[in-house]
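All remarks here apply to the structure that follows.
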Amino acid sequence: MPLNDAQRPLYEVKANLFKGLAHPFRIRILELLSSSPEVSVADLQGETALEASHLSQHLAVLRRHRLVQSERRGSHVFYRLADPRVADLLAVARALLLSLLEADSAQLAHVDTLPTFGTAAP
């Protein structure tokens, strides 16, 4: 069933949300922000070991997709989650990932029960 004109914008917003999450460093940044009410850019840089320019780019993506908010105080910039449900989303994603990995692990445990075929290359 194709998307109608009324549905399309909502799905585009949803897709953009996931684009904002679509990088390992952005996920790590969000996890750091989930564990504290706010974190300075200097602390984020120390925790991620990213160059300042790369961290800035990732933070800009997170801001653009409205996942984080920033506040300048003097010469320091602090970031926080734009909505506490971002932390919930990360927790659900982690639980899902662990569940998938457990399923994969269970399947891998049975690999040696598969029949052999051909010969393995040396």
Side-chain angles (χ1 to χ4, degrees):
M1 178 163 133
L3 296 178
N4 64 39
D5 289 341
Q7 295 170 326
R8 188 170 188 82
L10 178 59
Y11 282 100
E12 287 174 358
V13 169
K14 285 182 180 181
N16 283 330
L17 169 70
F18 287 103
K19 286 178 188 177
L21 298 169
H23 194 283
F25 278 115
R26 291 198 289 271
I27 298 292
R28 180 66 183 132
I29 291 166
L30 291 171
E31 287 177 346
L32 291 167
L33 295 173
S34 295
S35 64
S36 183
E38 64 182 14
V39 181
S40 71
V41 170
D43 288 341
L44 288 172
Q45 190 173 8
E47 289 290 331
T48 61
L50 284 169
E51 292 181 24
S53 62
H54 292 149
L55 177 60
S56 177
Q57 290 171 0
H58 287 300
L59 290 168
V61 170
L62 292 171
R63 274 193 320 271
R64 183 176 8 178
H65 294 294
R66 294 185 272 177
L67 293 165
V68 300
Q69 295 174 335
S70 63
E71 182 180 337
R72 178 175 290 282
R73 287 188 226 130
S75 62
H76 299 284
V77 178
F78 293 85
Y79 278 84
R80 65 184 167 276
L81 295 179
D83 188 307
R85 291 175 291 186
V86 173
D88 297 338
L89 178 63
L90 292 172
V92 168
R94 182 180 289 243
L96 175 61
L97 175 61
L98 291 175
S99 177
L100 294 172
L101 290 173
E102 286 173 4
D104 289 346
S105 178
Q107 289 175 339
L108 288 174
H110 299 291
V111 166
D112 58 349
T113 65
L114 294 172
T116 59
F117 64 94
T119 57

| said: Nearest 0.5 Å, please: how far is CG in Leu21 from CD1 in Ile29? | reply: 11.5 Å
| task | Just grab all the salt bridge (Lys or Arg N to Asp or Glu O under 4.0 Å) pairs involving residues 6-21, residues at least two apart or on different chains. | result | Arg8-Glu12
| task | Sequence neighbours left out, what passes side-chain contact (heavy atoms from CB on, under 4.5 Å) with Ala93? Give chain and number order. | result | none
Contacts table for residues 39-54: side-chain donor-acceptor under 3.5 angstrom, sequence neighbours left out:
from  : atom 1 : to    : atom 2 : distance (Å)
Ser40 : OG     : Asp43 : N      : 3.0
Ser40 : OG     : Asp43 : OD2    : 3.3
Gln45 : NE2    : Leu50 : O      : 3.3
Thr48 : OG1    : Leu44 : O      : 2.8
Thr48 : OG1    : Leu50 : N      : 3.4

| All pairs passing salt bridge (Lys or Arg N to Asp or Glu O under 4.0 Å) where residues 87-107 contributes a residue, at least two apart | Glu31-Arg94
| remark: Those residues at least two apart in sequence (or on a different chain) that pass side-chain hydrogen bond (donor to acceptor under 3.5 Å, both in side chains) with Arg63 are Tyr79
| request: Supply the atom-to-atom distance Ser105 OG to Leu98 CG, rounded to the nearest 0.5 angstrom. | output: 11.5 Å
| request: Measure from the side-chain N and O atoms of Ser36 to the backbone N and O of Leu33, and report whether any donor-acceptor pair falls under 3.5 Å. | output: no
| said: Would Val61 and Leu67 count as a side chain to side chain contact (heavy atoms under 4.5 Å, CB included) here? Give the steps. | reply: CA-CA 9 Å; Val61 170; Leu67 293 165; over 6 Å; no
| Reported CG-to-CG distance for the pair Leu90 and Leu81, which is rounded to 0.5 angstrom | 7.5 Å
| task | Not counting sequence neighbours, list each pair that qualifies as a ring-ring contact (aromatic ring centres under 6.0 Å, His included) and has a residue in residues 8-49. | result | His23-Phe25, His23-His58
| request: Taking all non-hydrogen atoms of both residues into account, name the closest pair between Val77 and Ser70 and its distance. | output: CG1-CB, 4.0 Å
| said: Taking ring-ring contact (aromatic ring centres under 6.0 Å, His included) as the cut-off, I'd like each qualifying pair that reaches into residues 82-108, sequence neighbours left out, listed once. | reply: none
| Apart from Leu101 itself, what residues make up its hydrophobic cluster, given side-chain heavy atom links below 4.5 Å? | Leu97
| said: Holding to side-chain hydrogen bond (donor to acceptor under 3.5 Å, both in side chains), I want the full list of residues that pass it with Gln57, two or more places apart in sequence or in another chain. | reply: none
| task | Identify the two heavy atoms, one from Arg80 and one from Pro37, that lie closest to each other, and give their separation to 0.1 Å. | result | CB-O, 3.2 Å
| message | Checking one residue: Phe78. Which other hydrophobic residues are in its cluster under the side-chain 4.5 Å linking rule? | response | none
| query | Residues two or more places apart in sequence or in another chain: which of them pass salt bridge (Lys or Arg N to Asp or Glu O under 4.0 Å) with Arg26? | reply | none
| remark: By salt bridge (Lys or Arg N to Asp or Glu O under 4.0 Å), Arg85 pairs with (sequence neighbours left out) Asp83
